[in-house]
Colleague: 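So that we are looking at the same thing, I have put the structure below in structure tokens.
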Amino acid sequence: MFSNNKGTALVTGASSGIGAIYADRLARRGYNLVLIARNRQRLDALAAHITDQTGRAVEVVAADLGEKAELGRVETVLRTDASVTLLVNNAGIGASVPTWQADVDLMERMIDINVTALTRLAYAAVPGFLGRGAGTIVNIASVVALAPEFLLNGVYAASKAYVIALTASLNAELGDKGVRVQAVLPGATKTDFWDRSGVPLSVVPAEITMRADDMVDAALAGLDLGETVTVPALLDVADWVAYEAARAALVPNLSNAVPAGRYRPAAVAA
Ligand code: NAP
């Protein structure tokens with residue numbers, strides 16, 4: 001009924017929403033699982049359900065990824081468990097408060113989870129993947145990375161822009177060594193994230209809100225297609241291709257021995 005063993009997938013933020021669906025789908029695809037989040041009860045319930053449904057081995061590690069020592073326990077799993085073939089860096093928190101009105105301590109906490117933990121877990125996973133010549137990292141970013149002026153909180157958007165940049169860089173460095181890295185950019189997705197971020201999901205127009213299972217299935221289809229960046233809601237992939245082409249065209253022009261003419265004193269004085 002289910003696929004053969006594909007190794008172990010470690011999924012962060014698996015106690016609800018997108019992460020819980022990744023756990024279900026990956027088990028059905030043949031992965032054993034290590035599930036990470038703070039809420040052990042929810043993780044245990046999900047683990048029992050998945051094992052019951054798929055027969056896969058599911059381990060639970062309750063850890064707060066914003067706490068260095070607890071994050072370190074998860075890093076140790078990635079460094080020492082040679083069965084891990086896939087890391088899903090999904091855990092994240094958001095905020096809806098305008099950037100300059102937000103509590104800077106909460107912003108730092110968001111960076112700890114969305115940026116620092118995601119980075120440290122990638123650094124913990126990659127050496128084993130390189131040694132074994134294979135491994136995949138899925139990093140959950142967000143479409144708000146592309147629209148920081150318009151949507152939610154700026155530190156949240158910036159944390160997700162970081163995820164896209166790190167993914168592109170790692171993929172370029174490691175792609176020919178058997179290690180794949182994918183960034184997934186969900187649009188508005190029906191999960192507890194909205195309530196937790198201070199915006200009821202009911203205020204988001206239904207026509208731009210995706211079911212979490214549809215989002216994850218599309219993201220996995222993007223992974224199967226070999227994409228580095230997957231935007232499940234983007235109807236026409238030509239829009240992304242044009243965006244990337246414009247970025248690539250900029251690259252050769254971004255560093256120069258002399259400033260652009262418009263910034264020379266005569267031009268500025270004129
Ligand atoms: P969610 O239902 O709130 O899930 C967030 C998950 O992260 C939960 O399992 C939560 O578990 C875990 N988590 C939060 N803080 C943690 C911490 N300190 N340590 C360990 N785990 C922690 O929201 P979601 O929508 O599924 O979010 C998943 C990812 O998708 C996030 O990175 C989010 O930024 C991204 N995303 C969501 C949307 C959306 O519209 N929903 C859109 C774009 C991107 P515990 O509370 O048990 O720790």
Side-chain angles (χ1 to χ4, degrees), residues 10-25 33-47 60-75 77 87-96 106 108-121 138-148 151-153 155-164 166-167 183-206 208-216 218-219 229-234:
L10 186 145
V11 182
T12 69
S15 65
S16 67
I18 291 167
I21 292 170
Y22 263 106
D24 171 76
R25 297 305 195 263
L33 299 171
V34 181
L35 305 181
I36 315 291
R38 290 166 302 177
N39 189 324
R40 175 179 286 282
Q41 265 188 328
R42 290 181 76 155
L43 290 177
D44 283 340
L46 180 67
V60 158
V61 179
D64 183 337
L65 298 177
E67 298 297 323
K68 198 112 189 178
E70 297 186 35
L71 173 61
R73 286 198 282 118
V74 185
E75 291 176 54
V77 174
L87 163 64
V88 182
N89 256 325
N90 163 75
I93 59 172
S96 56
L106 288 182
E108 185 180 13
R109 168 102 179 144
M110 187 153 62
I111 293 166
D112 287 345
I113 296 160
N114 295 8
V115 173
T116 306
L118 174 139
T119 305
R120 291 196 66 98
L121 295 180
V138 174
N139 290 324
I140 306 300
S142 167
V143 294
V144 300
L146 304 178
L151 299 163
L152 294 173
N153 167 277
V155 175
Y156 177 69
S159 75
K160 295 303 187 177
Y162 173 94
V163 174
I164 298 173
L166 182 73
T167 301
V184 176
L185 280 59
T189 308
K190 289 180 193 169
T191 69
D192 296 345
F193 174 85
W194 289 88
D195 282 337
R196 289 181 176 185
S197 305
V199 187
L201 190 55
S202 54
V203 306
V204 187
I208 63 156
T209 312
M210 194 177 288
R211 284 166 44 131
D213 49 0
D214 287 340
M215 201 296 289
V216 172
V229 175
T230 298
V231 191
L234 188 67

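The model shown is predicted, which means the values in this text are computed figures rather than measured ones. Atoms within each ligand, like the ligands themselves, are counted from 1 in listed order.
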Colleague: Just to be sure I read this right, does ligand 1 sit under 4.0 Å from the backbone of S15, its side chain, both, or neither, counting only heavy atoms?
Modeller: both
Colleague: Kindly confirm or rule out an N or O of I18 lying under 3.5 angstrom from an N or O of ligand 1.
Modeller: yes
Colleague: Taking N or O atoms only and a 3.5 Å limit, does K160 qualify as a polar contact for ligand 1?
Modeller: yes
Colleague: Can you name the atoms of ligand 1, numbered from 1 with element, that are less than 4.0 Å from a heavy atom of S142?
Modeller: 43 (C), 44 (C)
Colleague: Can you check whether G19 has an N/O within less than 3.5 Å of an N/O in ligand 1?
Modeller: no
Colleague: Go through the structure and list residues passing ring-ring contact (aromatic ring centres under 6.0 Å, His included) with Y162, not counting sequence neighbours.
Modeller: none
Colleague: May I ask you to test the E70-V61 pair for a side-chain heavy-atom distance under 4.5 Å?
Modeller: no
Colleague: Quick check: does L65 get an N/O under 3.5 Å from an N/O on ligand 1?
Modeller: yes
Colleague: Suppose we screen for ring-ring contact (aromatic ring centres under 6.0 Å, His included). Which residues come up paired with Y22, at least two apart in sequence or across chains?
Modeller: none
Colleague: Please say whether more than 12 non-hydrogen atoms of neighbouring residues, nucleotides or ligands are located less than 6.0 Å from CZ in R109.
Modeller: yes
Colleague: Considering the heavy atoms of A63, write down every atom of ligand 1 situated less than 4.0 Å from one of them.
Modeller: 19 (N), 20 (C)
Colleague: Does ligand 1 have an atom under 4.0 Å from some heavy atom of R109?
Modeller: yes
Colleague: Test of understanding: given a 4.0 Å heavy-atom threshold, classify the contact between R196 and ligand 1 as side chain, backbone, both, or neither.
Modeller: side chain
